[in-house]
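Here the structure is laid out as structure tokens; the discussion comes afterwards.
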Protein chains: 2
Amino acid sequence: MTIKQSITLADVATKAGVSKMTASRALRGTGDVSKANVELVRRAARDLGYVGNHLATSLSSQRSVLVGVVVPSLTNIVFAEVLSGIANALEGSGKQAVFGVSDYDPDTEYDVIRNMLSWRPAGLIVTGLEQSADTLKLLRNAEVPVVQIMDLDGDAVDACVGISHAEAGHTMASALLAEGRKRIAYIGCGLERDTRAAKRFRGFKNALIDEGIGLAGERIETGPSTIAVGRALTAQLLADQPDLDCIYYSNDDLAAGGLFHCLSANIDVPGTLRLAGFNGLDLVDSLPKGVATTRTPRREIGIAAARIILDVENGANPPRRVAYTPEIHMP
Amino acid sequence: MTIKQSITLADVATKAGVSKMTASRALRGTGDVSKANVELVRRAARDLGYVGNHLATSLSSQRSVLVGVVVPSLTNIVFAEVLSGIANALEGSGKQAVFGVSDYDPDTEYDVIRNMLSWRPAGLIVTGLEQSADTLKLLRNAEVPVVQIMDLDGDAVDACVGISHAEAGHTMASALLAEGRKRIAYIGCGLERDTRAAKRFRGFKNALIDEGIGLAGERIETGPSTIAVGRALTAQLLADQPDLDCIYYSNDDLAAGGLFHCLSANIDVPGTLRLAGFNGLDLVDSLPKGVATTRTPRREIGIAAARIILDVENGANPPRRVAYTPEIHMP
DNA sequence: GCTGGTACCGATACCGGTATCGGTACCAGC
DNA sequence: GCTGGTACCGATACCGGTATCGGTACCAGC
């Protein structure tokens with residue numbers, strides 16, 4: 001799209017009868033400009049409907065107002081909440097978040113990050129600690145603060161904010177064992193791309209093995225983890241193994257689906273069968289019968305990540321690792 | 001953030017032993033450059049880790065690669081799906097979506113749109129047909145294609161894509177009446193800011209009045225519409241009016257909450273009480289007992305809006321109004 | 001009357017690219 | 001040998017701002 005002829009600072013300056021430079025200073029409120037001229041310039045800008053050009057400002061001043069954020073999915077409420085936290089933390093700072101979606105695909109992630117870097121952002125927030133070698137190189141050479149979020153199990157390029165998913169899986173296993181569950185199965189989807197879910201699963205499985213119990217069954221599928229899929233997989237698993245007393249899911253959506261199956265099948269939850277998910281979604285709080293879950297501080301993670309970028313900007317020396325402890329909720 | 005000294009096209013050109021202009025042409029694949037030089041430039045760029053500068057490119061070429069998108073909320077899955085559709089439709093076009101969130105606040109919306117315009121986008125996609133006078137002025141003067149999405153009930157600044165919410169409410173009322181429901185109540189949240197929900201409500205109410213039935217009760221609250229709120233309001237409403245045989249909600253989340261209450265209270269749904277929501281979320285499909293809903297083509301709306309921007313860009317003359325007919329689902 | 005400081009302002013260069021125009025080398029064709 | 005076309009390339013100006021430097025006017029102080 002060719003940008004239409006629009007009002008520039010030069011037009012404003014001409015109308016106000018001052019130089020471009022004075023108009024620039026007047027509108028930004030920097031430097032010495034007489035009150036009379038500030039008023040003239042402001043009026044001219046308003047009358048002309050002048051809208052500044054960030055492209056020119058950023059290029060000229062060598063300052064960036066953008067913070068690039070890369071998440072694997074937008075339609076997952078978890079990442080939407082992270083974004084929301086980032087946007088809130090950035091409010092009033094003069095910085096603006098730009099979002100990119102990787103669709104859980106490493107090549108797409110590379111492209112998205114490269115594209116973000118071409119806007120010369122003030123910082124980059126990316127999801128997870130696992131990136132392709134090319135992407136890592138890009139991030140290391142970026143010369144801007146990079147915050148990796150959601151995960152702590154691994155090495156960060158620069159800074160990271162999140163929780164340990166291995167630990168989250170382990171803790172849930174302990175809680176379920178403490179509740180007296182013995183025949184525990186697992187249902188998960190998309191572990192091949194969702195490395196954090198895979199880490200939870202490993203932490204969970206290892207905890208059971210350490211206790212000498214082991215996993216009583218598992219159902220792992222590729223593809224998205226939706227309520228409907230959770231329902232179907234639960235039905236399948238229970239058809240094979242009706243004696244289970246607990247199912248751990250890779251997330252709350254699957255667990256909610258599991259609960260809906262149990263409601264239809266008249267299975268007592270959590271009496272006969274305990275279900276457990278992950279995330280602590282609103283959905284789970286509202287379910288008629290409780291599903292255990294691990295609450296994750298999604299907004300807080302977004303806020304903390306944004307703060308790190310702002311702090312670096314302001315010359316402060318923010319922490320390189322912000323760890324949250326997920327909280328188990330077992331109604 | 002001061003942008004660190006980074007590799008520029010001049011560096012690449014020097015390393016490749018050609019002029020900036022030839023390097024520029026080589027990397028963009030435009031104009032006449034000898035194969036040998038293309039290879040030299042590409043290699044130099046790769047070796048130096050050159051990442052182009054969109055700021056400079058856009059400013060210089062007077063071409064924009066950004067499409068600004070303003071939605072009221074990110075944590076509402078409905079808008080997340082719209083964004084997802086937009087992002088997909090833009091893929092491969094060289095355009096990139098930038099998202100802004102208005103939080104349902106007209107002043108914030110103005111600021112967000114103004115901010116977007118300062119990036120000189122190729123087009124703007126904004127939610128809804130109701131904007132403040134200042135915002136409308138901004139949009140009209142924008143000199144870029146503006147697509148208003150989600151709603152058709154009103155006048156568009158430029159183009160619009162969506163459904164008629166008044167009609168959606170009306171249609172649902174007809175369907176519920178056709179099912180034999182007689183004592184129909186309404187539960188809604190945040191109608192003061194969600195003008196589309198308010199339009200559905202009016203359409204619904206008017207349809208009932210036309211049939212000489214009228215609304216048997218209503219519970220309208222400010223604030224967010226979550227599953228938990230839907231559950232609480234349903235409990236309250238039914239405590240006052242236990243004889244209702246139908247409740248229409250402003251959306252699916254509230255309706256799901258209503259269903260969860262009914263499950264706890266052992267109310268037969270939809271036998272004794274029919275619940276109806278709006279949106280057609282995955283959630284509803286998976287609920288143990290059906291809740292009626294109106295499916296909205298969210299991804300399609302996003303795709304159609306993005307296509308309009310791209311079409312205008314390409315000199316085509318896209319439709320100014322794309323209407324979808326929502327489909328009622330009544331399990 | 002001269003000096004020095006303050007308030008205010010503008011000329012100029014520059015950010016990192018691309019559009020545009022024109023130039024050179026080379027070869028085919030007569 | 002001259003002409004005209006093609007392939008290829010670079011100089012220059014420019015996009016719309018801001019950083020930087022220096023200049024002028026004016027007044028206080030001695």
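Chain naming here is simple, since letters A, B, ... match the order of the sequence lines and numbering starts at 1 in each.
- Across all their heavy atoms, B:Thr108 and B:Ser102 have their closest contact at CB-O, 3.4 Å.
- Counting to the nearest Å, the P atom of D:dG16 and the CZ atom of A:Arg63 are 22 Å from each other.
- Counting to the nearest Å, the C1' atom of C:dT18 and the CG atom of B:Leu55 are 14 Å from each other.
- Per the geometry, CG belonging to A:Leu40 stands 14 Å off C1' belonging to C:dC8, to the nearest Å.
- The partner of C:dC27, taking Watson-Crick or G-U wobble pairs whose two distances both stay under 3.5 Å, is D:dG4.
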For the pair A:Ser58 and A:Arg63, evaluate side chain to side chain donor-acceptor pair (under 3.5 Å) and give the outcome as yes or no after the intermediate values.
CA-CA 5 Å; A:Ser58 298; A:Arg63 258 168 243 285; over 6 Å; no

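- Pairing for D:dC14 is with C:dG17, a Watson-Crick or G-U wobble pair whose two hydrogen-bonding atom distances lie under 3.5 Å.
- No salt bridge links A:Glu39 with A:Lys35; every basic N to acidic carboxylate O contact stays at or beyond 4.0 Å.
- In this entry the distance linking CG of A:Leu9 with P of D:dG17 reads 5 Å, nearest Å.
- Phosphate contact (OP1/OP2 of C:dG17, side-chain N/O of B:Tyr50, threshold under 4.0 Å): present.
- Around the CG atom of A:Asn314, the shell of radius 6.0 Å holds more than 12 heavy atoms that belong to other residues, nucleotides or ligands.
- A 3.5 Å limit on both hydrogen-bonding distances identifies D:dG22 as the Watson-Crick or G-U partner of C:dC9.
- Ring geometry for B:Phe79 against B:Tyr104 counts as perpendicular: the plane angle is over 60°, on a 0 to 90° scale with 30° as the lower cut.
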For nucleotides 10-15 of chain D, read 5' to 3', which letter fits each nucleotide if B means a protein heavy atom sits under 4.0 Å from the base, S means only the sugar-phosphate is that close, and - means neither?
BB---B

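- D:dT6 atom P lies 11 Å from atom CG of B:Asp32, rounded to whole Å.
- Between B:Glu130 and B:Arg196 there is no salt bridge, since none of the side-chain N atoms of the basic residue sits less than 4.0 Å from a carboxylate O of the acidic one.
- Contact annotation: A:Arg28 side-chain N/O to D:dT18 OP1/OP2 distance is under 4.0 Å.
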